[in-house]
Chemist: 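Take a look at the following structure, please.
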Amino acid sequence: MAFYEQPIHPKPTTFLSKYMISFDHKVIGKQFLWYGIFFLFVGGLMALMIRWTLAFPGVPFPVIGKALFPETGGVIPPDTYAMLFTMHGTIMIFYAITPILIGAFGNFCIPLMIGARDMAFPLLNMLSFWLAVVSGVILLGSLFTPLGAAAGGWTSYPTLSTLVGSPGTGQTLWSLAIFILGASSTMGAINYITTIITLRAPGMGYFDMPLTIWGLWLTAILNAIFLPVLGAGVLLLIFDRVFGTTFFLAGAAATSGSGDPVLFQHVFWIFGHPEVYILILPAWGIVSDLLAFFSRKPAFGAKATALSMTTITILSTLVYGHHMFTTQMSPLLTQTFMTLTMTISIPSAIFFANWLGTLWKGSIRFTSPMLFSLGVVFVFGLGGLTGLYLGTVTTDLYLHDTYFVVGHFHYTMAASVLLGGFAAIYFWMPKMFGMMLSEFWAKVHFWITMVGLNGVFFGMMMVGYAGMHRRLYNPFVYEFMQNMIPMNKMITYSAYLMGAAQLIFVVNFVHAIFFKKEKASDNPWEVGTLEWTIPSPAPHYNFDKIPVVKCGPHELGNPNLTTGRDFQYQTENLVEA
Amino acid sequence: MRTQAEVNSQYMLQANSIAMVVVLIMFGMLFATLFLGYAVYRLTAQVWPPSGMTALPLLIPAVSTILIGLSSFFLWNFETQYKVGAKQRLPLFTSIFFGLAFIASQFVLWSTLKSQGLFAGSNIFTSIIYAFTWIHVGHMVMAVIGLFYLLPLIADKAELKPNRVINVAKFWHFLGIVWLLMFFTIFVI
Ligand SMILES: [Cu+2]
């Protein structure tokens, strides 16, 4: 039987072809990683400014405050505060999480884990990265426009986001940047979907794929279907702002005719709810794999996990209305959306139980990727359960737009994805850069992050439950909020602790890449998926001979193994008694 | 037993057609969102078309429909012959000609609307007409570039690249269908 001959790129020789305009999925993955880490830093700094304002209203921001806000003597002004939370959300979601989980690990892992030499369309892949750069430059540029960056929230609801709510070019540039980034992500999605369907190594069925690949594949499908919906929405928003159309203007805001501001909310959330799964699915997949790898046993119910992820993907397209319970929707609709939302609990519970089943009676190795994966299990459990209160109409009417929402979505989207991303970095570091990160400092990084993170996000849920609203510059002007000042200080201290912990990671990461002498071995974690059958770091052609897959990705702890290892490679026949 | 070359070209065909399905779903979702918005505006409006609006021109969009239809037809003609190895130049040139004529007809449409006092900001219906046609023409420009990209293939010595023709044609026909939907929902009913 003959198979498609995958071409081998010529070995890059110049700096330009090696690091800049590379077609190699591994280099593009690393480019996305640096891109994401850079924006993680920018977005994180913004988060610290937001937290500073909420803990110490009217106090100048330390160290860089005077340089950034000279007119107010270092105090963050109210309009800047609105820009900060808008840009923080936008940057973290679209420019940090998406590039790291999907851009970096999607690119890096997909060909390696399915046994391919590269993506199906390497040129498209490269264009996708550089388009993301263009978008990032536009977004950062918007910070320096005369009236400042977008300030209508990451959801940019009209009329906040129309010329009435935000004059100036900041919001227009924001919309443009999101549109371009959407184009970049869909280009990536075309690549991922096609690659996974067509370039799996001979013998690899869909259920022989690691769950990481399942997560990335489902994410790519959601991206391809729903990013264009957001694209259409922001395009019309741009038209409203630049060409004077009236799609989202109504009442006194419209000079004539009548648009519909709420329509944007529908369009935004038709995309927006799948987007939260776009962000979390790769992390779910990675964690599902890592839990099995470090429990030294097969993933419990791997097929059921893959199928429940697929079910969630499908259901996620039908529930967006739970973000809009307070828009005077008909009760029939709110109840429908509530019921559909609750059905997501069923597949979620299945794969969550599977995670626990994987851990049950495993010979757990508490390596750094495992610690971060266990962290994901904890924070995602908490984030998922608090979602039930927001998906229920009766409780949501009270909790809507409070810090409870902020805490909830940070647990699911920020904490889970961040910890999942770190698990992935620690795990694939040897294959990406040929170096191991220091395990000791990784564990220190984990524990401090975990303490800080729970202080921040659990604290947020508590002040939210007490009635603190999102997006208020100074909530303590309300008398009933005065009691919440100490709690907000605690959240802010936790945030600074969490921020400081990331410096440990940065030092560890930079040291390993640039200064560390000893190379990592080919398979330091003793895992059998395809990327561990090749040298570390992966050579530019990946596999000199395309592997033939003979068993699943989680064949660990098989009692019939006689090779002296407790795992087997996917290229080996399944050992049976 | 298939030769390696056959296997390779078989693979390329498969990968391209999967990618093209994804591409068409993506652009389909973009336009579907626009139509969804249009449906919401129209179904929730008290009066439609918005009061004080003069009748829309029907002749120019009808001509546009014929132009884009002819263009699609000739491209289809070119494609079927190319797939059996015949490099027919005339159908491709004709298709490009009608495609450009369609784009020109859209400019005529816009200036006619303006001469009737219907501007993008006049009311929600004119906003829809302008925005939809702008977005559609934007895609048409990309697709025309795609057609130009086929020109090197009809040189005598050029090797056969049916994949490229099939993909460009799919996108072109897709835009034809979108226009047809726009024509009926905006101008006819
Ligand atoms: Cu949702």
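Naming: A, B, ... by sequence-line order, numbering from 1 per chain.
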Chemist: Kindly give the heavy-atom pair with the smallest separation between A:A120 and B:Y11, and that separation in Å.
Modeler: CB-OH, 3.8 Å
Chemist: When only pairs under 4.5 Å are counted, which of A:L199, A:N191, A:L124, A:T195 shares the most heavy-atom pairs with chain B?
Modeler: A:L199
Chemist: For chain B, find which of A:I225, A:T198, A:D240 contributes the most heavy-atom pairs closer than 4.5 angstrom.
Modeler: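 Between A:I225, A:T198, A:D240, the count favours A:T198.
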Chemist: Mind ranking B:V22, B:N8, B:V23 by heavy-atom pairs under 4.5 Å with chain A and telling me who comes out on top?
Modeler: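 Most heavy-atom pairs under 4.5 Å with chain A: B:N8.
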Chemist: Decide yes or no for B:W134 and A:F243: does some side-chain heavy atom of the first lie under 4.5 Å from some side-chain heavy atom of the second?
Modeler: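 Yes, at least one pair of side-chain atoms sits under 4.5 Å.
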Chemist: Shortest non-hydrogen contact from A:I190 to B:A19?
Modeler: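 Closest heavy-atom pair between A:I190 and B:A19: CG2-CB, 3.7 Å.
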Chemist: For chain B, which residues from residues 227-235 of chain A lie under 4.5 Å away (heavy-atom distances)?
Modeler: A:P228, A:V229, A:G231, A:A232, A:L235
Chemist: Measure across A:F239 and B:A131 and return the closest heavy-atom pair with its distance rounded to 0.1 Å.
Modeler: CD1-CB, 3.5 Å
Chemist: List the residues meeting side-chain contact (heavy atoms from CB on, under 4.5 Å) with B:W76, not counting sequence neighbours, and say none if there are none.
Modeler: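 So B:W76 forms a side-chain contact (heavy atoms from CB on, under 4.5 Å) with B:F73, B:T80, B:H173.
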Chemist: Got a second to check how far B:F125's CZ is from A:T246's OG1, nearest 0.5 Å?
Modeler: 12.5 Å
Chemist: With a strict 4.5 Å heavy-atom criterion, list every residue of residues 89-109 of chain B that contacts chain A, or say none.
Modeler: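 Listed by number, there are no contacting residues, so the answer is none.
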Chemist: Could you tell me which portion of A:F247 (side chain, backbone, both or neither) has an atom closer than 4.5 angstrom to a non-hydrogen atom of chain B?
Modeler: both
Chemist: Need one label for B:M12: side chain, backbone, both or neither, based on atoms under 4.5 Å from any heavy atom in chain A.
Modeler: side chain
Chemist: At a heavy-atom separation under 4.5 Å, does A:I270 approach chain B through its side chain, its backbone, both, or neither?
Modeler: side chain
Chemist: Going by residue number, which parts of residues 24-41 of chain B are within reach of chain A, meaning a heavy-atom gap below 4.5 Å?
Modeler: B:I25, B:M26, B:M29, B:L30, B:T33, B:L34, B:L36, B:G37, B:V40, B:Y41
Chemist: Quick one: OG1 on A:T245 to CD1 on B:I128, what's the gap to the nearest 0.5 Å?
Modeler: 10.0 Å
